[in-house]
Q: 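Once you've had a glance at the structure underneath, I'll fire off some questions.
The figures that follow rest on heavy atoms only: side chains count, while hydrogens, waters and symmetry mates do not. Each residue takes its place number in the sequence, starting with 1.
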Amino acid sequence: MSDITLEARADNKVASPSSKEQLMPREASPLAHVEFITPDQLYQETSVDIREIKGLTHLILRGKTENPAFTSGVEKALGVALPVTPRTSVQTDSLRVFWQSPDEWLIIGEPNSAAAIELALHQHLEGHYAVTEVSSGQTLLILSGANAENVIKKSTLYDVHISQFPIGHVAGTTFAKSQIQIRRIGEQSFELVVRRSFADYLWMWLMDAGREYGVVFHKD
């Protein structure tokens, strides 16, 4: 189910009790309000960039890797093999697949692709499996820059040094007293999967944690 917020709109600038307002659906990311906020401090030089990738499709897939028909069916449906090694992920031009547990994966696809992904999975899978869309419940942040790793080190006890957490690895962990999933996508860049209920708090946390390095939030 897509992330829809209802917004009241009226033709007149000043609504009267007798005016008829229409409820129009409006897509809104968990950080939509941030676009209207001007940072209280601007930096000539920045070494921490934060960017939200809005509107992506998020699906939870569950099944048994002991069943060859399940793993082969998923590969046919997605065009990529499931990551079965703990803490690993795979990525194509249009999909990311994160290992979550021995029988669970997070699939992140292009906006409005949930129906197509689900249909492909249902066409190629049978038996015991489950697909659940969670797009409205979380969002994806990109944290990058020379001091991105230092910001993460401020926020979690999880060891994200590249020798222990190489490119492509993913981990669910406590982060600033909340919970997120971290995935390294480059030497100095990370993806953060953030729950909707924590998004505003974690945005403020990241902006504050990056203050000493110079931080910018990109409003796409």
Side-chain angles (χ1 to χ4, degrees), residues 1-5 25-32 51-144 158 160 165-173 175 179-186 189-199 202 220:
M1 184 167 60
S2 61
D3 181 13
I4 298 294
T5 300
R26 174 176 62 86
E27 292 187 3
S29 81
L31 292 175
R51 184 186 304 272
E52 182 188 14
I53 310 300
K54 303 175 186 176
L56 296 178
T57 293
H58 295 242
L59 298 164
I60 296 294
L61 171 66
R62 303 202 67 174
K64 296 295 185 180
T65 56
E66 296 87 350
N67 179 4
F70 172 75
T71 53
S72 64
V74 172
E75 184 171 358
K76 291 176 183 176
L78 302 182
V80 65
L82 277 178
V84 295
T85 302
R87 302 194 308 161
T88 61
S89 65
V90 295
Q91 182 169 353
T92 68
D93 291 340
S94 59
L95 282 176
R96 303 166 174 86
V97 185
F98 296 6
W99 183 92
Q100 305 280 272
S101 72
D103 66 350
E104 183 177 330
W105 295 264
L106 171 64
I107 302 170
I108 301 179
E110 294 297 309
N112 303 313
S113 63
I117 295 173
E118 288 189 56
L119 178 60
L121 288 168
H122 291 318
Q123 287 176 336
H124 291 90
L125 296 178
E126 58 184 25
H128 296 286
Y129 71 94
V131 185
T132 307
E133 186 183 358
V134 293
S135 303
S136 63
Q138 54 197 36
T139 191
L140 184 71
L141 301 180
I142 304 293
L143 184 67
S144 61
Y158 196 88
V160 293
F165 194 65
I167 294 172
H169 273 222
V170 60
T173 185
F175 191 96
Q179 289 185 331
I180 67 168
Q181 293 183 58
I182 307 173
R183 177 177 178 247
R184 183 186 284 276
I185 57 174
S189 54
F190 302 83
E191 290 179 341
L192 311 179
V193 179
V194 178
R195 293 182 182 177
R196 168 175 285 276
S197 56
F198 294 143
L202 285 174
D220 292 337

Q: With a cut-off of 6.0 Å (strictly less than), are more than 12 heavy atoms of other residues, nucleotides or ligands near CD of Gln123?
A: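 For Gln123, atom CD is crowded (more than 12 foreign heavy atoms under 6.0 Å).
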
Q: Looking at Pro111, Ser29, Ser113, which one forms a side-chain contact (heavy atoms from CB on, under 4.5 Å) with Leu56?
A: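 By the side-chain contact (heavy atoms from CB on, under 4.5 Å) criterion, Leu56 pairs with just one of Pro111, Ser29, Ser113: Pro111.
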
Q: How long is the gap from OH on Tyr129 to NE2 on His122, to the nearest 0.5 Å?
A: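 Reported to 0.5 Å precision, the distance equals 5.0 Å.
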
Q: Measure the CD1-CZ distance between Ile185 and Phe190 for me, rounded to the nearest 0.5 Å.
A: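 Going from the CD1 atom of Ile185 to the CZ atom of Phe190 covers 9.0 Å.
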
Q: Can you measure from CD (Glu110) to CZ (Arg96) and round to the nearest 0.5 angstrom?
A: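 Spacing of CD (Glu110) from CZ (Arg96) equals 7.5 Å.
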
Q: In this structure, are over 12 heavy atoms from other groups packed under 6.0 Å from Arg87 atom CZ?
A: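 Above 12, so yes.
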
Q: Give a yes or no answer on whether the side chain of Ser89 reaches the backbone of His169 with a donor-acceptor pair at less than 3.5 Å.
A: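 Side chain of Ser89 to backbone of His169, a donor-acceptor pair under 3.5 Å: no, none is there.
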
Q: Run the ring-centre check on Phe198 versus Phe175 and record whether the distance is less than 6.0 Å.
A: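 No, too far apart.
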
Q: Got a second to check how far Asp103's CG is from Glu66's CD, nearest 0.5 Å?
A: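 Between Asp103 CG and Glu66 CD, I get 8.5 Å after rounding to 0.5 Å.
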
Q: Classify the ring geometry between Phe165 and Tyr158 as parallel (under 30°), tilted (30 to 60°) or perpendicular (over 60°).
A: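 Geometry flag for Tyr158 against Phe165: perpendicular rings.
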
Q: Let me confirm one number: the CG-CZ distance from Leu143 to Arg183, rounded to the nearest 0.5 Å.
A: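 If I round to the nearest 0.5 Å, the distance is 14.5 Å.
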
Q: To the nearest 0.5 Å, what is the distance between CD (Glu52) and CG (Leu141)?
A: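 Going from the CD atom of Glu52 to the CG atom of Leu141 covers 6.0 Å.
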
